[in-house]
Amino acid sequence: AAAPGPELAPETLTMLGRIFGMCDTSDDGFINKRELIKACRKTPEVAEFFGLPRKIRQEDGSRDRMEELFQQMDKDGDREITWDEFVAFYAAHCVPKPLVEREDEDDDDGFGATTKDGVPMPTGQPLLFARLVPAEGFEPTPAAVHIVRNRGGD
């Protein structure tokens, strides 16, 4: 079946197929919750791909995270993830999308297009971009943002 959503690069589809195959241990074309939990435990690459710890437990909240992720992927609610659901979820949630189209291709500083108020915006595919805007009636002041990615795990 054709993958829904935007076209993905062949190497991305190969990587997705490898991850899907590591989870679908019954080789029936579906991933159920038990298979996902076992695949995370057995293969660190699978756990890392899904952003889950290798050992999923009720006590530490990792079971709730796994349930939430599974339900987001399982669009039809049949308690199994199909290949199409897997690819659609990846395309919708994991493929970086440009914030704005680049105006000046020769400009290599990562900024090109601007917003309507003249604030430069990144034009590549950043992992994260935050724009701080002062509340109405307040003067802009210097600010710092510290971002830490919690990876969870063992």
Side-chain angles (χ1 to χ4, degrees), residues 1-101 110-111 113 115 119-138 140-154:
E7 276 197 37
L8 298 173
E11 53 276 3
T12 300
L13 289 172
T14 299
M15 179 268 303
L16 291 175
R18 196 176 76 254
I19 297 288
F20 191 89
M22 285 188 268
C23 295
D24 179 20
T25 54
S26 63
D27 203 28
D28 62 359
F30 301 97
I31 301 171
N32 62 41
K33 290 178 187 178
R34 182 177 176 174
E35 287 176 321
L36 179 58
I37 291 168
K38 285 177 132 183
C40 285
R41 187 176 299 138
K42 181 180 177 184
T43 313
E45 181 184 0
V46 171
E48 186 174 320
F49 176 84
F50 287 108
L52 295 169
R54 289 186 63 194
K55 292 184 181 172
I56 296 173
R57 301 180 182 98
Q58 188 65 44
E59 312 84 56
D60 65 4
S62 58
R63 175 71 187 215
D64 291 338
R65 287 197 312 271
M66 185 278 303
E67 290 281 350
E68 182 181 343
L69 176 69
F70 194 92
Q71 289 172 12
Q72 288 175 350
M73 287 188 280
D74 182 22
K75 284 298 183 190
D76 63 6
D78 66 354
R79 296 185 303 201
E80 294 180 314
I81 300 166
T82 65
W83 169 251
D84 285 349
E85 287 172 328
F86 183 69
V87 172
F89 179 84
Y90 182 85
H93 295 92
C94 303
V95 176
K97 295 169 182 62
L99 294 175
V100 290
E101 289 186 22
F111 289 80
T115 63
V119 176
M121 300 286 288
T123 55
Q125 296 182 347
L127 294 175
L128 177 67
F129 177 74
R131 180 172 174 236
L132 302 176
V133 180
E136 192 172 320
F138 287 87
T141 58
V145 176
H146 185 117
I147 299 169
V148 176
R149 179 175 180 221
N150 253 343
R151 296 197 68 183
D154 303 303

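Predicted model only: the values in this text are computed from it and were never measured.
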Answer whether the closest heavy-atom distance between the side chains of [X] and [Y] falls below 4.5 Å.
X	Y	answer
Glu85	Asp74	yes
Thr82	Phe30	yes
Lys75	Ile81	no

Test side-chain contact (heavy atoms from CB on, under 4.5 Å) on Thr14 and Thr12 and set out the steps.
-> CA-CA 5 Å; Thr14 299; Thr12 300; over 6 Å; no

If you look at every heavy atom in [X] and [Y], which pair is closest and at what distance?
X	Y	result
Ala47	Arg54	CB-CG, 3.9 Å
Val87	Leu16	CG2-CD1, 4.4 Å
Leu69	Phe50	CD2-CD2, 3.5 Å
Leu52	Cys40	CD1-SG, 4.1 Å
Cys23	Val46	SG-CG1, 3.7 Å

Relative to the ring of Phe49, is the ring of Tyr90 parallel (under 30°), tilted (30 to 60°) or perpendicular (over 60°)?
-> parallel

Find the distance between CD1 (Ile37) and CZ (Arg63) and round it off to the nearest 0.5 Å.
-> 4.0 Å

Which residue pairs satisfy the salt bridge (Lys or Arg N to Asp or Glu O under 4.0 Å) criterion with at least one member in residues 21-46, sequence neighbours excluded?
-> Arg18-Glu45, Lys33-Glu67

Does the side chain of Asp60 come under 3.5 Å of the side chain of Ser62 through a donor N or O and an acceptor N or O?
-> yes

